[in-house]
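A note on names: the letters A, B, ... follow the listed sequences, proteins ahead of strands, and every chain is numbered from 1. These numbers come from the heavy atoms of this one structure, side chains and all, not from hydrogens, waters or symmetry mates.
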Amino acid sequence: MKKLINDPANVIADALHGLALAHPELRVDHENRIVVRGDAPVQGKVGLVSGGGSGHEPLHAGFVGRGMLDAACAGEVFTSPVPDQMVAATKAVDGGAGVLHIVKNYTGDVMNFELAAEMVAAESGTEVASVIIDDDVAVQDSLYTAGRRGVGATVLVEKIAGAAAEEGRSLGEVADVARKVNAYARSMGLALTSCTVPAAGKPTFDLPDDQMEVGIGIHGEPGRRRVPVAPANEIAEMLVSPILSDLDFTGGDGVIAFVNGMGATPLIELYIMYNEVSQLLAKAGIPVARSLVGPYITSLDMAGCSVTLLKADDEILRLWDAPVNTPALRRGV
Amino acid sequence: MDTDDLGAWIREFARLVAQNKEKLTDLDSAIGDGDHGANMDRGMTAVVAALDAEPPDSPSALFKKVGMTLISKVGGASGPLYGTAFLRMAASADTTVDTAGFAKVLRAGLDGVVARGKAELGDKTMVDALAPAVDALDAAVAAGASQKEALRAAADAAGQGREATIPLVARKGRASYLGERSAGHADPGATSTTLLLIAAATALGDED
């Protein structure tokens, strides 16, 4: 294992110290491992709290700031944070208009956020609503699985719901916007290599040099199938076609197309992928209204990418275009 | 059983978790994310430290402290599941607990796990060990068995339930993403739950 770390046991703590120094506009509570907007709580605004296992940076802490999240909770690598962290974050961002928990659909995350909401309800008057993100078409959504995983759509939900909260909308309205984005978004990912969890010291799974894993999750979970390495145009087809067959993307105001890097893939390759994805969408008669290309929800040092498509409407596009000022996403400010 | 007896049960569970840490992690590496042993050991080590620091004065206070500590320290799915189980046990425990009372407490814990995790029997989860154990305990109490016999029956039922998870395809948790590939491995949660019942038979099974 070659990594820029000190003690593997201190990876989260060391990274949070660096984040705090690099972004003095944020408040980092090192004891609770939460990152909070410097001006929180913003009076009269719905607070947005997310969080999850670490290793997906910039998600979630990199999206804390005006127009996006009010706080993020950092768990151990690939392990859900505990309710105490979520309760502390909820209290820190409660500006009197309620708090929305944005939760990726993993068993641990869902249960810990559920407990946190119960604890908040038991000890304070803060109103909490939750939205579960489950956009990964690689997982069959059935009674026989834990349901689809939350992946790329999480970034889009945090941006769009964040903008809705910034407009001063109510908790119910912000939650509805978040649910709409989740309902209209679908994702599919692919790995060229495994990732290495610092505490484990070795790759999570073996993937031969000439093979890639299609339908990968963001924790090195297995995908749908393993296939020989292929050119970018064929890879784009493998990612886009299951998305298009899962939801009808025609007939709206086009899509927000998001090509995400898994951590170790260079931007030049992501633009090659974006070119291929765009051509496939054009062929399918689906206009691209907005785009996002870059590593925004990663899986440590995994090489690969994911594609997320969000069916857009006027409201979604207006909120997408609204100003945002966070470490990892900044525009219009 | 008084608070000290029940505390001895919890400490015995912590000891068994530490002893079986690698085994739990290996099982979880096969079908999950490989952290069950480390997470449970971290949680139970914190539980023992919390009990040492401030010994609880009732079974209810004991279970509450165990539950709150696990929720705060474990994370993942097992923290909320075990934590909720112990909080429900705290709510249903009387000041002293006989064998029937212990069965009632354990049933409340099972109900908590089911409410939190929404798993059913056969989903390849800790419910597959806990539910048969609680049933066996109830049956033993109804048949007039001694405390020792009843707790042994519960531990045996948990162990059989755990064994029965091996051929199952997981329907809950991260293992469910594997589909058919999850068959052929015992469930890590059912395995740690079996340790909880073995700990009860060991620590509380002296009295006839």
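Atom CE of B:M68 is separated from atom CE of A:M119 by 4.5 Å, given to the nearest 0.5 angstrom. Between the CG atom of B:D35 and the CD atom of A:E76 there is a distance of 9.5 Å, given to the nearest 0.5 Å. Atoms CG and CG, from B:L81 and A:L115 in turn, are 9.0 Å apart once rounded to the nearest 0.5 Å.
With hydrogens and angles ignored, the 3.5 Å screen pairs a side-chain donor or acceptor of B:S176 with a backbone N or O of A:A146.
Side chains of B:V74 and A:V82 form no contact here, defined as non-hydrogen atoms less than 4.5 Å apart. Within the 4.5 Å cutoff, the side chain of A:T107 has no heavy atoms near those of the B:K172 side chain.
No part of B:S78 comes within reach of chain A, as not one of its non-hydrogen atoms sits under 4.5 angstrom from that chain. Looking at A:N112, the atoms closer than 4.5 Å to chain B (heavy atoms on both sides) sit in the backbone and in the side chain alike.
Ranked by heavy-atom pairs under 4.5 Å with chain B, the first of A:G217, A:G108, A:A200 is A:G108. Per-residue counts of heavy-atom pairs under 4.5 Å with chain A were compared for B:R174, B:K73, B:K118, B:R181; the largest is that of B:R174. In terms of non-hydrogen atom pairs under 4.5 Å with chain A, the most contact-rich of B:N39, B:T84, B:I71 is B:I71.
No more than 12 heavy atoms of other residues, nucleotides or ligands shown are found within 6.0 angstrom of CD on B:E120. At most 12 non-hydrogen atoms from other residues, nucleotides or ligands lie less than 6.0 angstrom from CD of A:E127. Within a 6.0 Å radius of CD in A:E118, more than 12 heavy atoms belonging to other residues, nucleotides or ligands are found. By the neighbour-count criterion of 12 heavy atoms within 6.0 Å, atom CG of B:D52 is densely surrounded, having more than that number from other residues, nucleotides or ligands. Heavy-atom neighbours of A:E123 CD from other residues, nucleotides or ligands within 6.0 Å: above the threshold of 12.
The shortest heavy-atom contact between B:S72 and A:D84 is OG-OD2, 2.8 Å. Of all heavy-atom pairs between B:Y177 and A:N105, the closest is OH-O, 3.7 Å.
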